[in-house]
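Here the structure comes first, spelled out in structure tokens, and everything after it is commentary.
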Amino acid sequence: MSEKQELAAFQKVLAAEHAAVYGYGVVGGRIREGRRAEAKAAYDAHRARRDALVREVRDLEGTPVAASAAYALPFPVPDSAAAVRLAAELEDRVAGVYSDLVRATGGGRRGTAAEALREAAVRAVRWRGESVAFPGLAERAATTSPTASPAVSPTT
């Protein structure tokens with residue numbers, strides 16, 4: 001894969017991480033106390049991944065895609081149950097773009113992308129309470145198109 005395609009894949013993952021950080025802000029505000037620490041840990045993990053991706057994009061001589069000021073959620077989140085569903089959705093969407101990054105990269109970058117895919121899949125299982133056969137693949141095909149945006153869409 002060309003460096004240009006690799007950079008484009010990193011930019012998509014960075015955009016998804018921006019959206020996940022925003023989404024976890026909503027999750028944290030609606031989740032019940034007993035799961036708040038789990039939401040905070042996921043929020044922190046996505047922020048760390050986002051910051052690492054900014055560095056990767058710069059290393060590839062790109063200008064990191066900026067976060068949007070706000071994002072449209074995929075569904076209303078009025079309570080803790082909806083917040084749990086949103087968290088699972090965020091992780092599924094992030095896993096999907098990381099699966100694209102695994103295909104677009106090689107070497108150490110591929111290993112890092114695969115690790116991020118695994119982490120998102122594990123978090124999705126924890127939120128959902130059940131697993132899927134191929135995290136980041138079947139869900140992505142069922143819920144998004146190949147050019148779809150991250151879990152939450154920027155609002156303009």
Using salt bridge (Lys or Arg N to Asp or Glu O under 4.0 Å) as the criterion, list what pairs up with [X], not counting sequence neighbours.
X    : value
R58  : none
D44  : K40
R123 : E91

Apply side chain to side chain contact (heavy atoms under 4.5 Å, CB included) to [X] and list each qualifying residue two or more places apart in sequence or on a separate chain.
X   : value
P78 : P76, A82
A48 : none
A67 : H18, Y71

Which of these passes side-chain contact (heavy atoms from CB on, under 4.5 Å) with L7: Q5, E3, Q11, K4? Q11

Determine the minimum heavy-atom distance between [X] and [Y], stating which atoms define it.
X    : Y    : result
D92  : A124 : OD1-CB, 3.5 Å
G25  : Y43  : N-CD1, 4.4 Å
L101 : A9   : CD1-CB, 3.7 Å

Would you check, one step at a time, whether the test side chain to side chain contact (heavy atoms under 4.5 Å, CB included) holds for K12 with D100? CA-CA 9 Å; K12 286 181 182 178; D100 293 344; 5.6 Å; no

Is the shortest side-chain heavy-atom distance between [X] and [Y] below 4.5 Å?
X   : Y   : result
V54 : L14 : yes
Y22 : L73 : yes
V27 : L90 : yes

Quick one: pull up [atom1] in [X] and [atom2] in [Y] and give me the separation to the nearest 0.5 Å.
X    : Y    : atom1 : atom2 : result
L117 : T112 : CG    : OG1   : 12.5 Å
H46  : E119 : NE2   : CD    : 9.0 Å
I31  : L86  : CD1   : CG    : 9.0 Å

Could I get the full list of side-chain hydrogen bond (donor to acceptor under 3.5 Å, both in side chains) partners for [X], not counting sequence neighbours?
X   : result
R36 : E33
E56 : R109
E61 : none
R35 : E38

Between [Y] and [X], is there a salt bridge with N-O shorter than 4.0 Å?
X   : Y   : result
D79 : R32 : no
R93 : E89 : yes
E17 : R47 : no

Restricting to ring pair (Phe, Tyr, Trp, His ring centres under 6.0 Å), what partner residues turn up for Y98, sequence neighbours left out? none

Check ring pair (Phe, Tyr, Trp, His ring centres under 6.0 Å) between F10 and all other residues, then give those that pass, not counting sequence neighbours. none

Hey, does the side chain of R30 reach the backbone of A83 with a donor-acceptor pair shorter than 3.5 angstrom? no

